[in-house]
Amino acid sequence: MRVNFTVNGRPQQADDVWEGESLLYVLRERLGLPGSKNACEQGECGSCTVRLDGVPVCSCLVAAGQVEGREVVTVEGLAEYARQRAEGGSCASGACGTTLDEAKGWSARGAGPQTGEGAPSPRAALSPVQQAFIDAGAVQCGFCTPGLLVAADEMLERNPSPTDEDIREALSGNLCRCTGYEKILDAVRLAAARQERQGEAV
Amino acid sequence: MTTAQNTRATAPAGTPTKVTQGSQGTKGGIGESTLRPDGILKVTGEFAYSSDMWHEDMLWGQILRSPVAHAEIVSIDTSEALAQAGVYAVLTHDDLPTEVRNYGLEIQDTPVLAHRVVRHHGEPVAVVAADHPETARRAAAKIRVEYRELPVVTDEASALAPDAPVLHPGRDDRPQGPPAGSGPGETPIAGHVPHPNVVHRQPILRGDVGAARARADVIVEGEYTFGMQDQAFLGPESGLAVPAEDGGVDLYVATQWLHSDLRQIAPVLGLPEEKVRMTLSGVGGAFGGREDLSMQIHACLLALRTGKPVKIVYNRFESFFGHVHRHPAKLYYEHGATRDGKLTHMKCRIVLDGGAYASASPSVVGNAASLSAGPYVVDAVDIEAVGLYTNNPPCGAMRGFGAVQACFAYEAQMDKLAAKLDMDPVEFRRLNAMEQGTIMPTGQRVDSPAPVAELLRRVKARPLPPERQWESTEGADVRALPGGLSNTTHGEGVVRGVGYAVGIKNVGFSEGFDDYSTARVRMEVVNGEAVATVHTAMAEVGQGGVTVHAQIARTELGVTQVTIHPADTRVGSAGSTSASRQTYVTGGAVKNSCELVREKVLELGRRRFGTHHPAWAHAELLLEGGKVVTDGGEVLADLVDVLEDETVEVEAEWRHRPTEPFDPRTGQGNGHVQYSFAAHRAVVEVDTELGLVKVVELACAQDVGKALNPLSVIGQIQGGTTQGLGMAVMEEIVVDPRTAKVKNPSFTDYLIPTILDTPTIPVDVLELADEHAPYGLRGVGEAPTLSSTPAVLAAIRNATGLALNRTPVRPEHLTGTA
């Protein structure tokens, strides 16, 4: 079958999709977007979390055919999605796509190895939550990271000033085996604080 | 600047690229919390893990696994599977290209594909290549295998029974690979064991136990059970094999040790090692579970057979069958102590279930035996550790490696002794804590700091978290209670307990293994700046070795930009990312190669500028901030001018101090190169009515010698602590004792801690240098996994008054309904 849907603001068409294929498989193997991860493929680990019409879902549990005509945001589009949101735009417009070329052209902050105090590049290449995950040491092997980022970003959208218990509740569907979650909590707190500061500055 | 270079045109999508990291005006050397060079790639979804590889025309491989634990294979019929549209190959044992048909880390006893018999549930029997993963799965299901089931061996009694089936008849295995302590011609491992179903046995005898026992005022005994834990790394076993024009194969894979894989893969394929070119793909965690091969040989076989690239990706169900687990164990301990709280003696017997194949069992046995007394002074010991062959799932390496099981038992014993002596459990431990100079049961003297008492003091001195934190003005916040959002209690029946534990882990490969690493370091001028490239075969599995390598190069070479070359087999071995060894050994190799590069650079400088300044000839010279400087800080030359268009490159091996094998009868020998220590205090709240446990806080203190990257060190300690927490209250692969079949191969039924299960983990890092190690560092990764589990168990015992001699603890053990 053929599936038409929007991924990270760009219309996509997947052909020869077998009816049993998941959204995760189509993203990873047919559209060249392997950022969403395949840690369990049974809806337990959250590593494949994407937003489907704004709602975080395990893309391994969504049949590809179910996304016909709908909007998907993956980790690859998260930075642009967050940028549009910060600028008051809506990503549902379909105008916020990040091409892979653009993604590859992203430049890092000037201070490379330093502890998150580097000058931001002219165009914020990473969303606040992505930057915070790097700065707080929330990334080790990184396999859980894409799903956690999508889930954490969505929580901060709903709840810009979360308590620790709020963060734990929102991320309880995302398994991480490396970090013991402490640095993930730090990262979300950091992203919330930076977002708040940014909001005050505006 | 971090950049990902464009993928080479001929390489598959997802081929690892160099990552370059540098900084302007900052050093980013050792001791700083520099950020991961792969961090941006990992948060944008661009980092290519082994399951992300893609190649035009690629096929998908699928493995058919045994549905039973022990059976004779009567027949295999692949014709129907082969007839499916889209299927390119179906291979069984009979299709293997050479006479080398087994592999293994230490003993080559594991069939690539089952031959006449299957020895465990999930053993690979056949492999399929097809143009879609679902086609491959369906074709595998159409392979007809007729099994004649055999009786199963599931524990020590059934393994050693007079009529027990011998699982590996005709053994003549010798130590190979780690630990390659004994040279050729020495007694084979098989010669040390009392029964062919015993993989390895290591006794340790020291002192006069009889006399010491007679001095004891109190004696405590215990029998402990340790469940089978899974590494549960999130990135599934996966990789891509691409057949090459020269008849060889390029393999992109997630592993812990490329060269160990290579040594096992090439002979099975009938290829010289140089025709099996391995590149490390992104590794989604490992924790020991990637020390053994999984899909590597199968993918290569299918690629070479079909002439097409073949990708294999396990799903989580298959992953539970696709790697070895932590050995479940039975541990029998006896300790004695005098009335004033001094240990007199220890006797123990540790039985580790190695499952169907050897994997790392011999080394795990050696570790369990040699570390079975814990970080305590005890002069009289009678120790025996054995590893069994059974029809249970194969067990091998997992973070902590034999020391974890022992720690669970000896720490329970310490609490029992303290209780019997009416002493504080921490005070009792401190009275017996080892220190620098202590003689281990193996006779080895501990020759660097061993701050066991200080670590315990630190966790104990920490203020306790407030009681009844769930109470608020708006009623109970169930998220802070046992049962959490299940809303099972508002505080009724909830009791608190506090428990302590401390452990000892060896760092690096032991027992005489030639534990070396190789590093290639290059220095040159690029775009008007002196830059360094570090190339090793070290498997970055998440631990942050790549971060540390860049830091070492900056410190030693005074550059800011360091490029980390992808890990592959085009450079010498870096050993395994195991045994808390990589920062020590490959870090040591990078440091050493940098020093050799520095010497060459200074030689160049002397040739070019030696006559300009007398300091070139006499002073101690350093490379700092892109310049050659004297130890007094005087700048002699810019590195750009010293190097000009020269490239200075060194590849060198580096070794830590040699170790010795343990004597097979007495266990004596300087078997370990370094020890590491961590202590935990656990605070738990238990709903005694439902048997639910909430860990409120799990504080850790650890000596790391020198924190090369403090942020990463704390991440390792917190992550290791959490795996120990999982082992305490939820993680266990359940094997049916009648059939030896795995009952819970999924994340639905095998639980690992979520963010709701994991408490705050305050960490206290001590830096007492080990003068024998690079920068004084001490391996970090494993020690926190040891003491976490027994600390939680001690806290639950403290809360409930129950004996709790097994881990993990389940609700039924707490409610008396087991």
- Are B/I40 and A/I134 close enough, and set up right, to give a side-chain contact (heavy atoms from CB on, under 4.5 Å), and what steps lead you there? CA-CA 7 Å; B/I40 291 178; A/I134 296 176; 3.5 Å; yes
- Item | Engaged part of B/L485 at the chain A interface, taking heavy atoms whose separation is under 4.5 Å | side chain
- Task: Calculate, to the nearest 0.5 Å, the distance between atoms SG and CZ belonging to A/C144 and B/F233 respectively.
- Result: 15.0 Å
- Value rounded to 0.5 Å, distance of OG in B/S51 from CZ in A/F143: 4.0 Å
- Message: What's the separation between atom SG in A/C176 and atom CD1 in B/I755, rounded to the nearest 0.5 Å?
- Response: 8.5 Å
- Note on the structure: Sequence neighbours excluded, the answer for side-chain hydrogen bond (donor to acceptor under 3.5 Å, both in side chains) partners of A/Q66 is none
- Do you know which of B/E134, B/R479, B/R316 has the most heavy-atom pairs with chain A at a distance under 4.5 angstrom? B/R479
- Task: Heavy-atom pairs under 4.5 Å with chain A are the metric here; pick the option from B/P133, B/S712, B/S238 that has the most.
- Result: B/P133
- Item | Contact class of A/A136 relative to chain B, heavy atoms under 4.5 angstrom | backbone
- Message: Side chains of B/T760 and A/E182, heavy atoms from C-beta outward: is any pair under 4.5 Å?
- Response: yes
- Counting N and O atoms only, with roles assigned by atom type, does the side chain of A/Y181 sit under 3.5 Å from a partner on the main chain of B/D757, one being a donor and the other an acceptor? no
- Relative to chain A, which segment of B/V313 carries a heavy atom at a distance below 4.5 Å: side chain, backbone, both, or neither? side chain
- Query: So how far is it from B/F287 CZ to A/R177 CZ, rounded to the nearest 0.5 Å?
  - Reply: 6.5 Å
Side-chain donor-acceptor pairs of residues 147-156 of chain A under 3.5 Å, sequence neighbours excluded:
unit_1	atom_1	unit_2	atom_2	d
A/D153	OD1	A/R85	NH2	2.6
A/D153	OD2	A/R85	NH1	3.0
A/D153	OD2	A/R85	NH2	3.3
A/E154	OE1	A/R158	NE	3.2
A/E154	OE1	A/R158	NH2	3.2
A/E154	OE2	A/R158	NE	3.0

- Parallel, tilted or perpendicular: ring planes of A/Y25 versus B/H132, cut at 30 and 60 degrees: tilted
- Who among B/G39, B/G282, B/G544 has the most heavy-atom pairs with chain A under 4.5 Å? B/G39
- Task: Examine whether an atom of B/T754 lies under 4.5 Å from a heavy atom of chain A, and if so say whether it belongs to the side chain, the backbone or both; otherwise answer neither.
- Result: both
- Apply side-chain contact (heavy atoms from CB on, under 4.5 Å) to A/K183 and B/I714, showing your working. CA-CA 9 Å; A/K183 302 292 180 202; B/I714 290 169; 3.4 Å; yes
- Message: Donor-acceptor pair, distance only, cut-off 3.5 Å: does the side chain of B/K42 make one with the backbone of A/C141?
- Response: yes
- Within-4.5 Å side-chain heavy-atom neighbours: A/Q140 and B/E540: no
- Task: Please flag which part of B/Q723 lies under 4.5 Å from any non-hydrogen atom of chain A: side chain, backbone, both or neither.
- Result: both
- Any donor and acceptor pair, going by atom type alone, linking the side chain of B/Q718 with main-chain N or O of A/G180 inside 3.5 Å? no
- Task: Sort B/T721 into side chain, backbone, both or neither according to what part of it lies under 4.5 angstrom from a heavy atom of chain A.
- Result: neither
- Checking heavy-atom separations under 4.5 Å from chain B, one finds in residues 164-174 of chain A A/E165, A/D166, A/R168, A/E169, A/L171, A/S172
- Message: Applying a heavy-atom distance below 4.5 Å, give me the residues of residues 37-47 of chain A that approach chain B, sorted by number.
- Response: A/K37, A/N38, A/A39, A/C40, A/E41, A/Q42, A/E44, A/C45
- Counting heavy-atom pairs under 4.5 Å to chain A, which of B/G726, B/G720, B/P753 comes out on top? B/P753
- Task: Against chain A, label B/Q231 side chain, backbone, both or neither, depending on which of its atoms sit under 4.5 Å from a heavy atom there.
- Result: backbone
- Message: Heavy-atom pairs under 4.5 Å with chain B - which of A/V129, A/T179, A/L78 has more of them than the others?
- Response: A/T179
